[in-house]
Number of protein chains: 2
Amino acid sequence: MANIKYPIVDVHTHVYLPRYAAELRARTSAPRILNWTNGSKTEERLLILDGEPSAGRPVGPQYWDRDEKLEFMQKHGINISFVSSANPWLDFLPAARAQTLAQELNNDLEEYCATSPAVEAFSGLKSLYGFGLLPLVPEVEVSTIIQTVEQLKSLPHIRGVIMGTKGIGKGLDDNALDPMWDAIQAAGLVVFIHPHYGVDSTLYGENNNGHVLPLALGFPFETTIAITRLILSGVLDRFPDLRLLLAHSGGALPQLSSRLASCIHHDPIVAKRLKHDARYYLGQLYFDAVAYGSEELTFVSRTISRASEFQSGGGTVEAKVGSTRLLFGTDHPFFPPLEASQKWPSVEDNLAAIRGMAGVDSKIEHHANILGLNALRLFDLHDQLYA
Amino acid sequence: MANIKYPIVDVHTHVYLPRYAAELRARTSAPRILNWTNGSKTEERLLILDGEPSAGRPVGPQYWDRDEKLEFMQKHGINISFVSSANPWLDFLPAARAQTLAQELNNDLEEYCATSPAVEAFSGLKSLYGFGLLPLVPEVEVSTIIQTVEQLKSLPHIRGVIMGTKGIGKGLDDNALDPMWDAIQAAGLVVFIHPHYGVDSTLYGENNNGHVLPLALGFPFETTIAITRLILSGVLDRFPDLRLLLAHSGGALPQLSSRLASCIHHDPIVAKRLKHDARYYLGQLYFDAVAYGSEELTFVSRTISRASEFQSGGGTVEAKVGSTRLLFGTDHPFFPPLEASQKWPSVEDNLAAIRGMAGVDSKIEHHANILGLNALRLFDLHDQLYA
């Protein structure tokens, strides 16, 4: 594999499409984009949550302009991006508006991707693919969600769907969503589970720590709760072919997975509910490699590799290689450098983390897998490598 | 080290002293101990939080009877236990009552330990030592807390203090607590930081998952927030000799530590506040080995070992060995077996996790360290091995 040629693929990179940015500009409460004046300087700021510190964060063309995305990719040697809408998606909209906007944004994103340049040296592949949106808001009909899944199936450059953790109001472990999981599984779409709400901000106390606590802790906690609830509800037992990609390397799920298994084994309510030990399900999931540290990625990979040891009933289980379920990501355009720099440290850190993983040698295929080939396989584009 | 003799030491094991159980029985709202009738059977149940599922959990003599603790230790080959009050400590009491009860319970625990049997083969050591309590409740005078630290210093079998995450109402990162940290550091007491409140239970949704989500996720999230707030507030910079022991292997801190470092580096409010990269501070902490999995413990150990790479200013830093800061624990009397069993699976799992750690060979000293010697060093009892 030493001389294998492969594209670098970013599976965690966001956009606010122009139509979505316009929606946010028209709003008077969070989430919104507003003009913010500081002395003589006026800039657009994005307020994602009410009561956010520092009047939100500066936003500009890197959030909506496709040329800026392509330039960022070029600068960092990224050949292909799987672009997803950034949070909070459509969560704040009434059902009818969410439904219309989902379909419009999905068409916009298809065009954004379909008209992107082919990848140099891999002309069967485009530079941009996308994760679409479903109208996951309270009071929407599940049949409407299924119709949107059908729409996504018809859009060739949309390869998955990004979603938050609220479902249609009761979370992703709501049994009413079973037809959605069934349709997504049948369509072969990848589900990117991404946080937005975090946890109650009163837990962060009164000191001004900027955005650190909600981003560093609240985000991964939310993802961890969501996937744990999905496991406990049996969704992963009922839909074993569902392909779920977890943001930020699964949050805290890997480190808490043996504790989770122990708590399940010791709780009379759930002890006998699931088909497998909780640790089994980590081998059924995909994790982005957005963890900023080699030891973290090595550990996530180990918890995936050990999963097959926890399958019930024994039998001949193929042991999984953890690195085949880890996928490079950047979280662009978030975490821009505080000071002018040629390349973004947040991206360089994630690349260095992959290269520094124990047992991941550039001479063997792990590197190529995590940096690009796993994504092409997951999104059923691997054949296009040779097209 | 192959033939070293060492005691097995449990640093995470709880008690409700009889005086405390009586306090809980006299209450009419959580936390309380109540008589619970199910058909013809009446038993005592502990309700720790309002709205707890399943009418709380059954409690009995294993929560307060010293003979039961000693029998549990004997059954599992544990020679020494560092016993701590279980949550919620004194958090629910008015300041005056908390102050009185803290001092009474500290005296009770000193007697509980002082009159315990000497360890066979290590007659300079007792079977039981303890973590005392401070009156950490709103409206208490900090001088009162300091007086209780002084009391603890005078009790030879009390080697530390256990505390929750609320401080005197504003959390442990409250600057008003600096004199407390100073006094604790000067007294050489170990601080055991332990969760109780978790996160907002609405995050767990409507499905009945027993106690799994608050215990498996909420508890470690709370600990992670508490220690992160301590790091961000500069307490670990100001009190570098403070010895903090984190429950449940630090919760999610190890897995989120590089993300935390990255979020700090990218946030203008805190980017330049701390002396070191966030990952440095993990080398300053102690972690119980209550994580139920070998991969988890190996990973925690690695994040401790790498800490010195993140010290600011370079210089000659002694690289730390992660396994010297991990300490065996059981969480007794919680997580009892659901079905009759000779030994408790929760304890066996934690022992097996230590024995299965990568690079932790029974022929070398890591085993002996994690199972017992680290605790004796941390609590300044190592010399007594040879007494």
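So you know, we letter chains A, B, ... as the sequences are listed, proteins then strands, and number each from 1. Side chains included, hydrogens not; waters and symmetry mates left out as well; all remaining heavy atoms used.
Between the side chains of Asn87(A) and Tyr197(A), no donor N or O sits under 3.5 Å from an acceptor N or O.
With a 4.5 Å cut-off on side-chain heavy atoms, Cys263(B) and His211(A) do not count as touching. Taking 4.5 Å as the limit, every side-chain heavy atom of Trp36(B) sits out of range of all side-chain heavy atoms of Pro58(B). For the pair Met180(B) and Leu136(B), the minimum side-chain heavy-atom distance is below 4.5 Å.
Chosen from Val270(B), Leu232(B), Leu260(B), the residue pairing most often with chain A at heavy-atom distances under 4.5 Å is Leu232(B). Between chain A and the residues Ala353(B), Ala291(B), Ser249(B), the most heavy-atom pairs under 4.5 angstrom are made by Ala291(B). When Asp174(B), Ile264(B), Ile225(B) are compared by the number of non-hydrogen pairs under 4.5 Å with chain A, Ile225(B) comes out ahead. Chosen from Gly171(A), Ser294(A), Gly205(A), the residue pairing most often with chain B at heavy-atom distances under 4.5 Å is Gly205(A). For the options Val300(A), Asp200(A), Thr224(A), Thr303(A), heavy-atom pairs under 4.5 Å to chain B are most numerous at Thr224(A). Considering only heavy-atom pairs separated by less than 4.5 Å from chain A, the leading option among Thr228(B), Thr165(B), Thr202(B) is Thr228(B). Residue with the most contacts toward chain B among Ser262(A), Gly250(A), Gly293(A): Ser262(A) (heavy-atom pairs, distance under 4.5 Å). Residue with the most contacts toward chain A among Glu222(B), His265(B), Lys170(B): Lys170(B) (heavy-atom pairs, distance under 4.5 Å).
For chain A, the nearby part of Glu339(B) is the side chain; its heavy atoms alone come within less than 4.5 Å. Of the atoms belonging to Ala271(B), it is side-chain heavy atoms, and not backbone ones, that fall under 4.5 Å from chain A. With a 4.5 Å cut-off on non-hydrogen atoms, Asn209(B) touches chain A through its backbone and its side chain both. With a 4.5 Å cut-off on non-hydrogen atoms, Pro336(B) touches chain A through its backbone but not through its side chain. Of the two parts of Asp173(A), the backbone and the side chain both hold a non-hydrogen atom closer than 4.5 Å to a non-hydrogen atom of chain B. Within the 4.5 angstrom heavy-atom criterion, atoms from both the backbone and the side chain of Tyr204(B) approach chain A. If you measure heavy-atom distances from Leu213(B) to chain A, the contacts under 4.5 Å come from the side chain alone. With a 4.5 Å cut-off on non-hydrogen atoms, Ser257(A) touches chain B through its backbone and its side chain both. Both the backbone and the side chain of Val199(B) come within contact range of chain A, judged by heavy atoms closer than 4.5 Å. Only the side chain of His248(B) comes within contact range of chain A, with heavy atoms under 4.5 Å apart. Thr298(B) does not touch chain A: none of its heavy atoms, backbone or side chain, sits under 4.5 Å away. Of the atoms belonging to Pro220(B), it is side-chain heavy atoms, and not backbone ones, that fall under 4.5 Å from chain A.
For Phe334(A) and Tyr63(A), the ring centers sit closer than 6.0 Å to each other. For an aromatic pair to be called close, the ring centres must be under 6.0 Å apart, and Phe310(A) with Tyr280(A) fails this. Ring-centre distance between His12(A) and His194(A): below the 6.0 Å cut-off.
With Arg325(A) contributing its side chain and Gly283(A) its backbone, the two residues share a donor-acceptor pair below 3.5 Å. In this structure a side-chain-to-backbone donor-acceptor pair under 3.5 Å is missing from Asn350(B) to Thr330(B).
Residues forming a salt bridge (Lys or Arg N to Asp or Glu O under 4.0 Å) with Asp331(B) (at least two apart in sequence, or on another chain): none. The ring-ring contact (aromatic ring centres under 6.0 Å, His included) test applied to Phe221(B) returns Phe221(A), not counting sequence neighbours. Taking the salt bridge (Lys or Arg N to Asp or Glu O under 4.0 Å) definition, one finds that Glu296(A) meets it with Arg306(B), sequence neighbours left out.
Pairing each heavy atom of Ser233(A) with each of Asn207(B), the nearest pair is CB-ND2, 4.0 Å. In plain terms, the two heavy atoms of Ser301(A) and Leu326(A) that are nearest each other are CB-CD1, 4.0 Å. For the residue pair Gly251(A) and Leu256(B), the shortest heavy atom distance occurs at O-CD2, 3.9 Å.
In this structure, Arg238(B) pairs ionically with Asp178(B), as a charged nitrogen and a carboxylate oxygen lie closer than 4.0 Å.
Within residues 272-279 of chain B, the residues approaching chain A closer than 4.5 Å by heavy atoms are, in numerical order, Lys272(B), Arg273(B), Arg279(B).
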